[in-house]
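I have placed the structure first, in the form of structure tokens, so that the comments after it can refer back to it.
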Amino acid sequence: MTAASDLAFDPWDPAFVADPYPAYAELRERGRVHFFEPTNQWLVPHHADVSALLRDRRLGRTYLHRFRHEEFGRTAPPPEHEPFHTLNDHGMLDLEPPDHTRIRRLVSKAFTPRTVERLKPYVRQLAGDLVAALVEAGGGDLLRDVAEPLPVAVIAEMLGIPEADRAPLRPWSADICGMYELNPSEEAAARAVRASVEFSDYLRDLIAQRRENPGDDLISGLIAAHDEDDRLTEQEMISTCVLLLNAGHEATVNATVNGWWALFRNPDQLAALRADHSLVPSAVEELMRYDTPLQLFERWVLDEIEIDGTVIPRGAEIAMLFGSANHDPAVFAGPERLDLTRRDNPHISFSAGIHYCIGAPLARIELAASMTALLEKAPTLALAREPRRRPNFVIRGLEGLAVEV
């Protein structure tokens, strides 16, 4: 075990954020677990360990189903952050069984293979329309013009959010997700709290409308289920909707722009993809591995564990480095090489275990649809200027991606 502060891991350094993969290689070489004092976390960089820990029931996304804050050696969040934590802590991503099981069972009905398959024509049509507008304009910002509106529209359509109400969804989501960074600033926390209040108030009104006039949408379905055997509180419904919007588009948006930025930097791979569109499915998987949208995922240690002789006590926090695991040479041949034909690709970009991304099939459809539309309608798509990397480390993306046709 090495103290991570002795290594090149520095999530607040712009140079590290721009390219964290060399530092990950050093972490992997120096051991299987490293204590990082600035965030009081244990970093786990190897694929085998991350994969195993995601399935280990001695770890949890929350500890409040078993312990009070004081019992767990933790301090309760400050009262002024309460609206964010109320919203966050009632979503299934931050719950453990039995509450997680109950909510996931209800939500999974909206993500059955048959349901997702029925969405394909809508997703493809929308992707085609967005790309056609980009081409007609001679180019633009791939993030703003294609990557963002596609998944936001799809998940909003599933939830039944009217088109006229969708403008604030992405800003709300971005502000809430700012709290998932390491040691967020007070300014970031204040933005997250404000967005949590505004988003919750909006959904509370929408849920009331759907109670009066149900529709063929997920919110109406959750209300109907609430009235049957499975019980969701109103807060659980609100938190579930916010989680689905945040998780349902944040990774897809960043995977799209990270992916195209990687393709522009690897022209041989882009040329191969343009020559053979049948590579799209494996390209989607490889681009998610190559520059992982979610770099780190946290778990609380509910019962003492041991990693390579290092005992990690109850009450500690594990930070599993997805970006590092996806570049582990023990699993991926030539991990620093972008290879769109890679077949053996067990990346963990969608997590694993009971918290495996419920929307992964839909995300794959969206990513494939936008990529196919760009290949077909914008075969000469080119980078207009070098993009700027967002300062965030945990949720990895770009400020924008200017392209020309």
Closest approach of L232 to R102 (non-hydrogen atoms, all atoms of both residues): CA-NH1, 4.0 Å

Looking at every non-hydrogen atom in both residues, tell me the closest pair between P45 and G31 and how far apart they are. CG-O, 3.8 Å

Between the side chains of D291 and R389, is the shortest nitrogen-to-carboxylate-oxygen separation below 4.0 Å, so that they form an ion pair? yes

Just to verify, what does E117 make a salt bridge (Lys or Arg N to Asp or Glu O under 4.0 Å) with, not counting sequence neighbours? K120

Where does the angle between the aromatic ring planes of Y21 and Y24 fall among parallel (under 30°), tilted (30 to 60°) and perpendicular (over 60°)? perpendicular

Sequence neighbours excluded, every pair satisfying ring-ring contact (aromatic ring centres under 6.0 Å, His included) that has a member inside residues 205-224: none

Before accepting this row, confirm whether a basic side-chain N of the pair E250/R390 lies closer than 4.0 Å to the acidic partner's carboxylate O. yes

So, for P83 and S196, which heavy atoms are closest and what is the spacing to 0.1 Å? O-CB, 3.9 Å

Test side-chain hydrogen bond (donor to acceptor under 3.5 Å, both in side chains) applied to T310 and D308, step by step: CA-CA 6 Å; T310 297; D308 197 27; over 6 Å; no

Qualifying side-chain hydrogen bond (donor to acceptor under 3.5 Å, both in side chains) pairs with a residue from residues 148-164, counting only residues at least two apart or across chains: E148-R170, E157-R166

Output the distance between atom CG (L169) and atom SG (C241), rounded to the nearest 0.5 Å. 11.0 Å

Give the intermediate values and the outcome of ring pair (Phe, Tyr, Trp, His ring centres under 6.0 Å) for residues F393 and F9. CA-CA 11 Å; F393 160 63; F9 183 86; 5.8 Å; yes

Pairs in or reaching into residues 67-79: which pass side-chain hydrogen bond (donor to acceptor under 3.5 Å, both in side chains), with residues at least two apart or in two chains? Y63-H69

For D216, does the CG atom sit with more than 12 other heavy atoms under 6.0 Å from it, leaving out its own atoms? no

Take N88 and Y180, measure what side-chain hydrogen bond (donor to acceptor under 3.5 Å, both in side chains) needs, and give me the verdict at the end. CA-CA 10 Å; N88 186 70; Y180 303 138; 2.8 Å; yes

On a heavy-atom basis, which atom in S282 and which in T341 lie closest, and how many Å separate them? OG-CA, 4.4 Å

Between H355 and L54, is the side chain to side chain contact (heavy atoms under 4.5 Å, CB included) condition met? List the steps. CA-CA 8 Å; H355 289 290; L54 286 170; over 6 Å; no

The complete set of side-chain hydrogen bond (donor to acceptor under 3.5 Å, both in side chains) pairs with one or both residues in residues 47-56, sequence neighbours excluded, reads R32-D49, S51-R55, D56-R58

Check this for me: R388, atom CZ, are more than 12 non-hydrogen atoms of other residues, nucleotides or ligands nearer than 6.0 Å? no

Please determine if D339 and R289 form a salt bridge, counting it only when a charged side-chain N lies under 4.0 Å from a carboxylate O. no

Derivation and outcome, side chain to side chain contact (heavy atoms under 4.5 Å, CB included), residues D328 and V50: CA-CA 11 Å; D328 190 340; V50 170; over 6 Å; no

Q125 vs D129, test: side-chain hydrogen bond (donor to acceptor under 3.5 Å, both in side chains). Steps then yes/no. CA-CA 6 Å; Q125 179 66 48; D129 292 345; 2.9 Å; yes

Pair L374-L134, side chain to side chain contact (heavy atoms under 4.5 Å, CB included): steps then yes or no: CA-CA 9 Å; L374 286 162; L134 180 79; 4.1 Å; yes

Check E96 with R66, please: is the shortest side-chain N to carboxylate O separation under 4.0 Å? no

Under the criterion side chain to side chain contact (heavy atoms under 4.5 Å, CB included), I'd like the reasoning laid out for D89 against T62: C-alpha separation, chi angles, the key distance, then a yes or no. CA-CA 8 Å; D89 295 353; T62 183; over 6 Å; no

Aromatic plane relationship, Y290 with H327 - under 30° parallel, 30 to 60° tilted, over 60° perpendicular: tilted

Can you name the side-chain contact (heavy atoms from CB on, under 4.5 Å) partners of P78, sequence neighbours left out? E80, H81

Between G397 and N254, what is the shortest heavy-atom contact and its length? CA-OD1, 3.5 Å

Which pair of heavy atoms, one from T252 and one from A363, lies closest together, and at what distance? OG1-CB, 3.8 Å

If we count only N and O atoms by modelled type, under 3.5 Å, do the side chains of E376 and T372 hold a donor and an acceptor together? no

Charged N-O contact under 4.0 Å between E285 and R342: no

